Every structure is written in C-alpha cells, then in structure tokens.
Amino acid sequence: MILNNVASAYKVKKENRFKIAAYEQAASVIDHLSSEIRDLWEEGKLDQVPGIGPSIASHLEELFTKGESAHFNKVFSGLPESMFVFLSIPGVGPKKAYMLAKELNIDRKSTALAKLKKAGENKQIRQIEGFGEGSEKEILKRLGEYKRKEKRMSLFEACNQAEKLRNYLKSCEKAVKVEVLGSLRRRCVSVGDIDIVAATNEAQAVIHYFTSYPKKRKIINAGPSKASILLTNNFQADLRVIDPKSWGSMLQYFTGSKQHNISLREYALKKGMSLSEYGIKKVKSQKLKIKNYSKEKDLYNALGMEWIPPELREDTGEIDAAIKKELPKLVKLKEIKGDLHMHSNFNTETGGDLGINSVKEMCEKALKFGYQYIAFTEHNPSMSKHSEQQITGLIMKKKKYIEHIKSSSKKLSNLHIFNSLEVNILPDGQLAISDKALHTLDFAIASIHSSFLMPKEAMTARILKGLDHPKVKILGHPTNRMIGSRKGIEADWEKIFDFCAKNKKILEVNANPKRLDLPDNLIKKALTKGVKLAINSDAHAADSMNFMKFGVWNARRGWAEAKDIINTMNYDKINEILCPAAPDTE
DNA sequence: GCCGTTTTCGGCCCGACTGTTTTCAGTCG
C-alpha cells in the first residue's frame with residue numbers, strides 16, 4: 001500500500017514520528033478493511049474510515065482521480081525507488097533500505113535486487129555505515145531465499161501445524177502451560193505465522209526445547225524471553241515464554257490484533273494505566289510497580305471492561321462494547337442442532353460433485369454430534385439430460401430411499417431428515433429445475449456455481465430472482481469466494497440483505513475452511529439488518545461434517561449470537577421456518 | 001496527521017532482539 005511507502009519515506013526524512021504513525025495506522029486500517037478503499041472512495045465514504053482524516057483523504061482523492069498525488073510525489077522526491085524494493089527483505093527497514101540504495105547507487109527498482117546481490121558478493125555492503133560483515137551475509141542469505149512475504153496458511157492447515165507444535169511443547173516438562181495465540185486464536189480465515197506461548201519458571205530450558213523442534217528448517221532468532229523458528233513448510237513460528245503469574249497479560253498481548261492492543265493500551269493510558277505483556281503499571285506512581293494478571297479475564301476487568309472473546313479483537317468496536325457491557329453472547333459449537341447442507345453419495349445424476357459417503361453413514365455421524373435434524377442437499381440433476389418428469393422422479397426416489405434408511409435403523413428414528421437439493425441459480429436468475437420439481441422438495445438451497453464475473457447490478461438481480469422462489473430458503477455460500485484463490489462475486493449486499501430480511505430468506509455461513517462464506521464483515525452487516533443465518537458444513541464426506549466448528553468461528557467473528565443462527569433452534573421451530581404450511585386457499 | 005465519556009489542543013502503545021556500537025538505533029510484532 002502506498003501509505004506504507006509514504007510512512008517509510010517520512011522515516012528516512014526524519015519526519016515527526018506521530019505523523020509517521022498516522023500514515024502507518026491508516027495503511028493498516030485500509031489493509032484490514034472489508035471493502036476496497038477505492039470502492040469506498042467512489043461511494044464518498046472515505047471520511048468514515050477511522051484513521052483517515054482530511055489530509056490523507058484529500059491525497060487519496062487526488063491519487064484515485066488523477067492517478068497520482070502531488071503530495072506523495074513530493075514526499076518520495078529525492079529517494080531512490082529501489083529502496084521500496086529493499087523493504088521487502090526481512091530485517092531491512094526504511095533507514096537501511098535507503099542507505100543501501102544511496103551508498104550503492106542503485107536507483108531503478110527493476111534491477112534493484114540483482115544489483116544488491118552483486119554488491120554483497122563484492123563485499124561492498126559491509127563498508128556502508130551501520131552495516132558489517134554479519135549483516136552483509138544475512139542480506140545475501142535473505143536474497144537467496146527471497147520471496148514475497150504475503151503468503152498465508154489456511155486456518156485449517158494452521159490448526160494442524162499449531163497442534164503438532166503445541167503437543168511437542170507440552171511434552172517439555174519445564175513448560176507449565178502452552179497455548180496457541182495470535183491470529184489463529186482469533187480464528188482469522190488465514191494465518192501468517194503461528195504464535196505460541198509457554199508459561200514456565202525456567203525460560204531458557206523451554207526456549208532451547210522450542211528451537212530444537214524437529215520439524216524446523218532453521219532458527220530465526222532466540223533470546224531470553226522469545227524465539228522464532230522457520231518451520232519445514234516455510235512458515236514462521238514465534239514463541240514467548242512467561243512467568244505463570246503474568247500468564248493472563250501475555251495471553252492478552254500475544255493474541256492481538258495489533259490494532260486491538262494499541263487501542264486497548266491507549267484506553268488504559270487515559271485511565272492512568274500503562275499496559276504491557278507483563279501487567280499494568282500505574283503511570284503516576286513513582287514506584288512503577290507492575291501488577292500481574294494470571295487470568296486474562298482479570299486483566300480486562302481491571303481495565304473496567306468485560307472479557308472480550310478473541311474472535312472480536314479486531315478494533316471494530318469491541319472495546320467500546322466491552323466497556324458498556326454490551327458484548328454479544330457469541331454462538332457456540334455446542335448450540336448447533338443440525339446441519340442443513342450435506343452431500344451424500346445418492347446419485348442425483350448431477351453435473352456437480354457427488355458426496356463420497358452414504359446417507360446412512362452421514363446420518364450416523366449426525367447422531368454422534370447430537371444433531372436433531374439434517375438436510376441432504378445434493379446438487380440438482382443436470383437439466384440438459386433430464387425431463388421434468390425424470391427430475392421429480394429422482395427427487396421422490398431419494399425421498400423414499402431416505403425413508404427406507406431411517407426405518408431400517410431404530411437409532412435413526414429421532415433424527416429428522418429434510419429432503420432437499422442445492423439448486424443452481426443460472427446467469428439469468430432462473431433456477432436449474434422447474435417450479436414443479438421444486439415443489440416436491442421440503443426446501444431448497446440456491447447457489448451460484450458458474451458465471452462468477454458478472455457486473456454487480458446484474459449479479460444482484462440474478463441472486464434476488466433466484467431467492468424469490470417460495471421453496472428457496474437458503475442462499476448457499478453467498479459470495480463464492482475461495483480463500484487465497486478466488487475473490488468472490490460483486491454484488492450489492494445491502495440490497496440482498498434487505499431482501500432477505502423482508503422475505504425471511506436465510507444466508508448461509510458455509511463452514512468449509514476454503515470458503516468461510518459469508519465472510520465475517522458481511523455477517524456483521526447482515527445481522528444489523530436482522531437477517532438470519534444458517535451455519536452449514538457443505539460436507540461432501542462424513543468426515544467433513546467436522547468443518548462445522550470453522551463456520552461457528554467465522555460466525556463469531558461476525559458477532560453472531562445463537563438467536564441469529566437458525567440451526568441452533570429446535571426441530572419444530574426450524575421446520576416452521578424451512579417448511580411453512582401452505583397458506584389456506586379459498 | 002489523527003482524534004475526543006476529562007481534551008477542538010495536546011496528546012499519541014510497549015517491549016524484545018540483533019548487530020554494530022562502545023550506549024544505541026533499527027526492526028519487528
């Protein structure tokens with residue numbers, strides 16, 4: 001982001017440090033924004049973005065209108081453009097990047113890294129003030145492994161990696177407690193590195209144990225209270241060790257997010273308290289004695305607020321809510337009473353994917369979870385190859401088959417099973433099966449599986465038309481994003497949310513960790529409009545029914561409570577929602 | 001340059017580690 005470069009340029013030019021912080025803050029906020037900053041500008045909402053004031057807003061305005069900003073150009077003047085390339089090297093910040101560019105006479109960014117490498121090999125870097133033989137070698141090494149830092153793990157992979165590391169550390173007898181923190185504890189959809197903390201009275205021993213982890217590629221650094229290693233999958237793991245009496249403070253600090261911590265510390269300062277990972281100091285007191293907190297809850301309480309669930313710690317209003325004691329009672333996994341989107345291997349002669357497990361196997365898994373109800377929602381039969389009669393025939397065949405499975409096993413008798421389908425919404429908004437076929441279902445999930453790149457207005461109209469059918473109750477994986485690989489469709493979500501609220505249509509929170517769709521920020525917006533959600537696994541195998549927890553985490557990040565989620569309700573209630581009795585006809 | 005439940009002026013989070021210094025600046029989270 002250009003604002004980060006402005007901040008870096010200001011650092012070289014020794015600008016006021018608070019001004020620099022303001023630019024960094026603005027860049028960070030934009031990075032974590034739910035929408036593109038350019039879209040907000042187009043909608044005239046720049047001034048609503050926290051951290052963007054009149055000055056930065058006007059520069060961005062100029063940037064978006066003319067393609068460049070005179071002010072930014074002035075800030076960058078006199079600085080070699082190669083320095084902004086060097087910033088991507090770990091351990092190289094603005095000052096060092098500038099020194100490298102200037103002293104080595106490297107200006108163009110296209111050849112910057114190659115030239116830097118050559119200079120290092122000619123032992124020129126060590127001659128620059130502030131550098132030495134050690135840092136020269138380090139830079140050369142980093143250049144060898146140079147790649148963009150932006151790579152992130154899926155939450156699913158991060159959970160697995162972290163669990164292994166956690167178990168390893170737990171086997172260290174000097175470690176009293178071990179916990180995984182950072183973005184993983186906040187259940188972010190993707191995770192950049194694994195943060196882990198250990199409580200111990202023998203820090204050195206635990207650090208040594210950590211840096212001896214067999215699945216590491218190398219040790220990045222190791223000091224008396226923290227260490228970092230590079231795992232074999234090329235992701236970083238950071239460890240902090242802490243005295244058990246400060247466990248709660250460390251939990252708070254290392255869970256973040258950064259913005260949450262900064263806001264929390266600023267709030268603490270206003271109340272005369274200085275907050276760190278060790279505890280709270282009274283600012284005015286001469287002694288500067290630290291009060292430790294072994295429990296995270298006690299720390300938040302000492303600041304005059306409720307304990308804040310990790311999923312909410314993104315500095316999006318949770319601190320205010322905690323002070324007013326108005327935090328939502330977030331939905332819990334154990335409150336989920338059923339799964340309304342599952343694919344069995346019953347052959348619906350579809351163009352989409354079949355599941356790999358049988359109806360019976362998936363029913364048995366549902367019983368293990370204690371579900372009261374489930375819905376089988378295989379993809380609709382392909383229309384090109386079937387007549388309407390054949391399609392309704394298939395639906396009735398599946399219905400009978402489910403009844404047969406149910407009646408053949410006593411333990412299944414209390415499990416309610418909806419006969420449903422996941423029906424494609426075609427580009428023109430038509431549903432992929434006929435009105436008559438739809439009426440043979442208990443209800444339908446409607447989803448988009450093609451033509452993702454339609455313009456916003458047409459896409460919105462397409463979705464609204466698809467949702468309009470009385471049998472369609474749920475919009476499946478609404479944005480169609482695939483985390484890390486597909487951005488998702490463009491649509492007027494406000495309009496869709498209004499429609500759903502008015503017509504009692506349910507939005508899915510698809511729990512597949514590659515989807516997590518609706519995204520958390522849209523969940524939060526939908527809830528303010530009174531839209532109800534369903535958290536579904538979209539399992540194509542019995543094992544994948546375990547994905548439910550990812551969906552619950554994602555809903556929690558969107559501030560969802562049990563009352564917002566229809567599949568926390570009992571069967572009678574949900575049956576009323578999904579299969580309302582037909583209105584009396586005169 | 002931003003911001004406001006003590007402020008429209010006067011504040012602005014806090015600490016660890018590294019390398020190059022010979023007491024600290026730069027970088028990172």
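Naming: A, B, ... by sequence-line order, numbering from 1 per chain. Excluded from the calculations below are hydrogen atoms, water molecules and symmetry mates; all remaining heavy atoms, backbone and side chain alike, are included. Predicted model only: the values in this text are computed from it and were never measured.
- For the pair S135(A) and dT18(B), the criterion of a side-chain N or O lying under 4.0 Å from OP1 or OP2 is not met.
- Rounded to whole angstrom, the span from the CD atom of Q25(A) across to the P atom of dG29(B) amounts to 18 Å.
- Picking from dG1(B), dC17(B), dT7(B) the nucleotide with the shortest atom distance to the side chain of Y10(A) gives dG1(B).
- In this structure, Y23(A) places its OH atom 11 Å from C1' of dC2(B), rounding to the nearest Å.
- Closest to the P224(A) side chain, of the nucleotides dT27(B), dG1(B), dC17(B), is dC17(B).
- Within 4.0 Å (heavy atoms only), E133(A) reaches sugar-phosphate atoms of the nucleic acid but no base atom.
- For K19(A), taking side-chain heavy atoms from C-beta onward, the closest of the listed nucleotides dA16(B), dC13(B), dG1(B) is dG1(B).
- Across all strands shown, dT8(B) forms no Watson-Crick or G-U wobble pair with both distances under 3.5 Å.
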Quick one: do R166(A) and E179(A) satisfy salt bridge (Lys or Arg N to Asp or Glu O under 4.0 Å)? Show the steps, please. CA-CA 7 Å; R166(A) 181 164 175 263; E179(A) 209 49 74; 3.7 Å; yes
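- Using a 4.0 Å cut-off, no side-chain N or O of K96(A) falls inside it from OP1 or OP2 of dG26(B).
- Spacing of P atoms, dC2(B) relative to dT6(B), comes out at 23 Å, to the nearest Å.
- The aromatic ring centres of Y209(A) and Y168(A) sit less than 6.0 Å apart.
- A side chain to side chain donor-acceptor pair (under 3.5 Å) with N261(A) is found for exactly one of E277(A), Q252(A), R313(A), namely Q252(A).
- One finds no side-chain N or O of S276(A) lying less than 4.0 angstrom from the OP1 or OP2 phosphate oxygen of dC14(B).
- Looking at heavy-atom distances under 4.0 Å, L264(A) makes no contact with the nucleic acid at all.
- Considering F76(A), Y23(A), F18(A) in turn, Y23(A) is the only one that fulfils the ring-ring contact (aromatic ring centres under 6.0 Å, His included) rule with Y10(A).
- Straight-line distance from the CD1 atom of I20(A) to the P atom of dC12(B): 16 Å, rounded to whole Å.
- S82(A) and D107(A) share no donor-acceptor pair across their side chains, judged by distance under 3.5 Å alone.
- With both ends at atom P, the span from dT20(B) to dC13(B) equals 31 Å, rounded to whole Å.
- The residue I262(A) sits close to a base: some heavy atom pair falls under 4.0 Å.
- In this structure, the nucleotide among dG1(B), dC13(B), dA16(B) sitting nearest to the side chain of R240(A) is dA16(B).
- An OP1 or OP2 oxygen of dC3(B) is reached within less than 4.0 angstrom by no side-chain nitrogen or oxygen of Y267(A).
- In this structure, CG of D47(A) is placed 16 Å from C1' of dG1(B), rounded to the nearest angstrom.
- Going from atom CZ of R126(A) over to atom P of dG19(B) covers 15 Å, rounded to whole Å.
- A salt bridge is defined here as a Lys NZ or Arg NE, NH1 or NH2 lying under 4.0 Å from an Asp or Glu carboxylate O, and E266(A) with K270(A) fails to meet this definition.
- Comparing dT8(B) with dG1(B), their C1' atoms sit 15 Å apart, to the nearest whole Å.
- If you check every strand for non-hydrogen atoms under 4.0 Å, N221(A) touches sugar and phosphate atoms only.
- Residue R17(A) contributes atom CZ, which lies 11 Å from atom C1' of dG11(B) at whole-angstrom precision.
- For H59(A) and E138(A), each mapped to the nucleotide of DNA chain B holding its nearest heavy atom, the one lying further toward the 5' end belongs to H59(A).
- At a cut-off of 3.5 Å, with distance as the only test, a side-chain donor of H260(A) or E318(A) sits close to an acceptor on the other residue.
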Evaluate the salt bridge (Lys or Arg N to Asp or Glu O under 4.0 Å) criterion for residues R142(A) and E138(A): first the C-alpha distance (whole Å), next the side-chain angles of each, then the deciding distance (0.1 Å), finally the verdict. CA-CA 6 Å; R142(A) 296 287 191 169; E138(A) 184 61 24; 2.9 Å; yes
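- Contact between the side-chain N/O atoms of S274(A) and the OP1/OP2 oxygens of dC14(B) is found at a separation under 4.0 Å.
- You'll find that the side chain of S225(A) is closest to dA16(B), out of dA16(B), dG29(B), dT7(B).
- dG4(B) and dC14(B) are spaced 23 Å apart, taking the C1' atom of each and rounding to whole Å.
- Nucleic acid contact for G130(A): sugar-phosphate only, since backbone atoms but no base atoms lie under 4.0 Å from a heavy atom of the residue.
- Taking only side-chain nitrogens and oxygens, K281(A) comes nearer than 4.0 Å to OP1 or OP2 of dG15(B).
- Residues P50(A) and K11(A) both approach DNA chain B. Their nearest nucleotides, taken by heavy-atom distance, put P50(A) toward the 5′ side.
- dG19(B) sits 33 Å from dC12(B) when the P atoms are compared, rounded to a whole Å.
- The distance from atom CZ of F131(A) to atom P of dA25(B) is 16 Å, rounded to the nearest whole Å.
- Separating the C1' atom of dG26(B) from that of dT21(B) is a span of 12 Å, rounded to the nearest Å.
- Taking every side-chain heavy atom of Y278(A) into account, dG15(B) is the closest of dT7(B), dG15(B), dT27(B).
- Atom NZ in K95(A) sits roughly 15 Å away from atom C1' in dC28(B) (whole-Å rounding).
- If you check every strand for non-hydrogen atoms under 4.0 Å, A222(A) touches sugar and phosphate atoms only.
- A sub-4.0 Å separation between OP1 or OP2 of dG29(B) and a side-chain N or O of H260(A) is absent.
- Between dT23(B) and dC28(B), the two P atoms lie 25 Å apart (nearest whole Å).
- Minimum atom distance to the side chain of R265(A) is reached by dC13(B), of the listed dC13(B), dG1(B), dA16(B).
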